[in-house]
Protein chains: 2
Amino acid sequence: MPETARRADRPADRSDRLSGTRYGNRPTMKDVAARAGVGLKTVSRVVNGEPGVTPDTERRVQEAIEALGFRRNDSARVLRKGRTASIGLVLEDLADPFYGPLSRAVEEVARAHGALLINGSSAEDPDREQELALALCARRVDGLVVIPAGDDHRYLEPEIKAGVATVFVDRPAGRIDADVVLSDNFGGARDGVAHLIAHGHRRIGFIGDMPRIHTAAERLRGYRAAMEDAGIPVEDSWMSLGVTDPERVRRAAEAMLSGPEPVTAIFTGNNRVTVTVIRVLAERSRPVALVGFDDIELADLLQPGVTVVAQDAAALGRTAAERLFRQLDGSLVGPERIELPTRLVTRGSGELPPAG
Amino acid sequence: MPETARRADRPADRSDRLSGTRYGNRPTMKDVAARAGVGLKTVSRVVNGEPGVTPDTERRVQEAIEALGFRRNDSARVLRKGRTASIGLVLEDLADPFYGPLSRAVEEVARAHGALLINGSSAEDPDREQELALALCARRVDGLVVIPAGDDHRYLEPEIKAGVATVFVDRPAGRIDADVVLSDNFGGARDGVAHLIAHGHRRIGFIGDMPRIHTAAERLRGYRAAMEDAGIPVEDSWMSLGVTDPERVRRAAEAMLSGPEPVTAIFTGNNRVTVTVIRVLAERSRPVALVGFDDIELADLLQPGVTVVAQDAAALGRTAAERLFRQLDGSLVGPERIELPTRLVTRGSGELPPAG
DNA sequence: CGTGCGTATGACAACGTTGTCCAGGCTCTA
DNA sequence: TAGAGCCTGGACAACGTTGTCATACGCACG
């Protein structure tokens, strides 16, 4: 059945919204032009605020637009103009409180540049990250902000070569040379652990994510560095890696808190781990010091307040997005790695002296 | 200067990325066809997995696609096909922890239907909401999930008429008839306040947002209803409306906790207010009961644990998105209002007996 | 009064894809 | 072996917009 016939026929078909292939007979510039009795291009001029239209003509066109409920089809516009004024954000999990502010910051920068934000969660799955990133490229986003889930981003090479501005955040890109914005994970962790050492701790536990994740590896490295700087040999039983789900974190924490020589302090490698460890410690009578990487909400209201190494998620997002738009300006020379400082926030749990 | 000339010229121009109007010479199906020595449509068939291509031809095409780094231009596809396989989400603030899970839930449903999610924050500004929603319509999203900031949505009428599926979440649409998915704000608040009354409280304070916001009004109504059911006359000094920024919440709370007849319990109208009130109460020696609307993270770890009326943000998002895709299926009859139940989570703060 | 110029307007092609339709070559059967 | 029918592949138009270019008109000036 030809398209045109379908348009006119069967207006009462109840599944019209879907089966009507086109956008339910949306008016086009041609329709507006016909109604206003002007040429197609004149409508285009009015819609885009281009000069060279008499006030009288403009008024007629505006009336027609109003009457028909016309709205410019940006798909066609994009096809013609080449740029979409939209950027993509691939993150790990929108529901994670860390990414809310980050995402919001990216959005604000995009908005300031007149661009929309399209985003999706990779759920920490490299394949899904790739699928998502390429889908965004197919939509011809002008740029891409990616929080890597995988560690090989060569699949983006053709896209970058084709002009898609790309910035990686939170974790570095894998096997390609690209802009990266990250927190000083190493320095932050080192400072946090040094803080515990400064308060007299020597047996300090570390619970973090798999070292295959860059941030986790860096934080572990910071832990080791601080211990080494203090001349404290690290025992294997103090470290628990690749552990994030609450049950395993709980077991790991309990393990290092038991035995003849339990740890007197714990450094946690991310917010989810921190929360679980707080629960474990709350059930114990003997006080254990705690410093966590990433801030958590209400950390100051707990007893004791939770000392953390805080990252500025919003600053990460903002910096990345700004860098992306500067790529689009063409005002950047080459890929760069930007590291943002972390901040140690002391609230009590990190200042507890060693017990036992 | 003609487009084609520009393409080829000045490859070394350092602002190439921007000034090159087109997508940096991206290969098209035509290019792939030429390289593979086949017709344009054959490439289209291969890309879309349509039948009618010999394995040998398909292989040649695939090789050409690989070699050129071709990626289908979805803008053109959308223009031709009419549907974009993307939906828009207009929410209040991505950084608000309430909207993270909601947004994520919408995304999951979209993904299950093969659609992408484009979103933006209205920052509680009706004009910005409208601007955003219409921008999404210009992109020809198939559907729109809106968390209203304003109370007049007639501007969406032409869009809805043109076939844009639309669902409002968390707050009802203003002045148009549309699908709405919300929490039982009235019932939840009433139950929460009744809970306090059941524990012996009579002088119960209420701190909430401006009643012009639907959810705030409903929660206030729930508060009043519970009090009335218990035969307790409400004094004006117990209620503080339109107060959300921390400083003013603090003053409001302190005011109702002072004087000759202070309240012995407080019901807070949303999570931000709850958090501030927790801080105020933490500084006081005399225990004051507290029930908050919206759950907050780590609420169970505080002393006492915070009793809340919890909404299921993810369920709101999921329900709305599913309803949206059912609109697109054409399997729905008319607009409907769906109310999801809330859940009272007792953790201690709401079970404190009246003091003084 | 004619020429020249500037401004308002419209005709037309192109953007990259997909749907329609037709041609040519093949197989299968009578 | 010829004709019918099927399968593969390609030519072409269309989607709605914008950039380019040509035209027509009005006005000032010589």
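Residue numbers begin at 1 in each chain, while the letters A, B, ... track the order of the sequences.
Qualifying salt bridge (Lys or Arg N to Asp or Glu O under 4.0 Å) partners for Glu157(B), counting only residues two or more places apart in sequence or in other chains: none. Partners of Asn119(B) by side-chain contact (heavy atoms from CB on, under 4.5 Å), not counting sequence neighbours, listed by chain and number: Leu94(A), Asn119(A), Leu89(B), Leu94(B), Ser103(B), Leu117(B). Residues meeting the salt bridge (Lys or Arg N to Asp or Glu O under 4.0 Å) test with Glu58(B), sequence neighbours left out: none. In this structure Ala138(A) satisfies the side-chain contact (heavy atoms from CB on, under 4.5 Å) test together with Arg71(B), Asp74(B), sequence neighbours excluded.
For a distance-only test at 3.5 Å, the side chain of Arg45(A) fails to qualify as a donor-acceptor partner of the base of dG19(D). Side-chain N/O atoms of Lys30(A) and base N/O atoms of dG16(D) include no donor-acceptor pair closer than 3.5 Å. A donor and an acceptor atom never sit less than 3.5 Å apart when one is taken from the side chain of Arg77(B) and the other from the base of dG16(C). Interface remark: the Arg80(B) side chain does not form any donor-acceptor pair with the dT17(C) base, using a distance-only criterion of under 3.5 Å.
Contact annotation: Thr57(A) side-chain N/O to dT9(C) OP1/OP2 distance is under 4.0 Å. Contact annotation: Arg140(A) does not reach the phosphate of dC15(C) (side-chain N/O to OP1 or OP2, under 4.0 Å). The side chain of Thr28(B) places no N or O atom within less than 4.0 Å of a non-bridging phosphate oxygen (OP1 or OP2) of dC15(C). Applying the 4.0 Å criterion to OP1 and OP2 of dT18(D), one finds that Asn48(A) has a side-chain N or O inside that range.
Contacts of Val53(A) with the nucleic acid, taken as non-hydrogen atoms under 4.0 Å apart, involve only primed sugar atoms and P, OP1 or OP2. Across all strands shown, Val47(A) has no heavy atoms under 4.0 Å from either base or sugar-phosphate atoms.
Residues in residues 159-181 of chain A take part in these ring pair (Phe, Tyr, Trp, His ring centres under 6.0 Å) pairs, two or more places apart or across chains: His153(A)-Phe168(A).
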So Glu159(B) and Arg26(A), salt bridge (charged side-chain N to carboxylate O under 4.0 Å, His left out) or not? Walk me through it. CA-CA 9 Å; Glu159(B) 310 300 328; Arg26(A) 260 181 182 280; 2.2 Å; yes
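For the pair Leu40(B) CG and dT8(D) P, the interatomic distance rounds to 19 Å; values are reported in whole Å.
At its two ends the helix from dC1(C)-dG30(D) to dA30(C)-dT1(D) runs along axes set 50° apart, each axis drawn from five pairs and the angle rounded to 10°.
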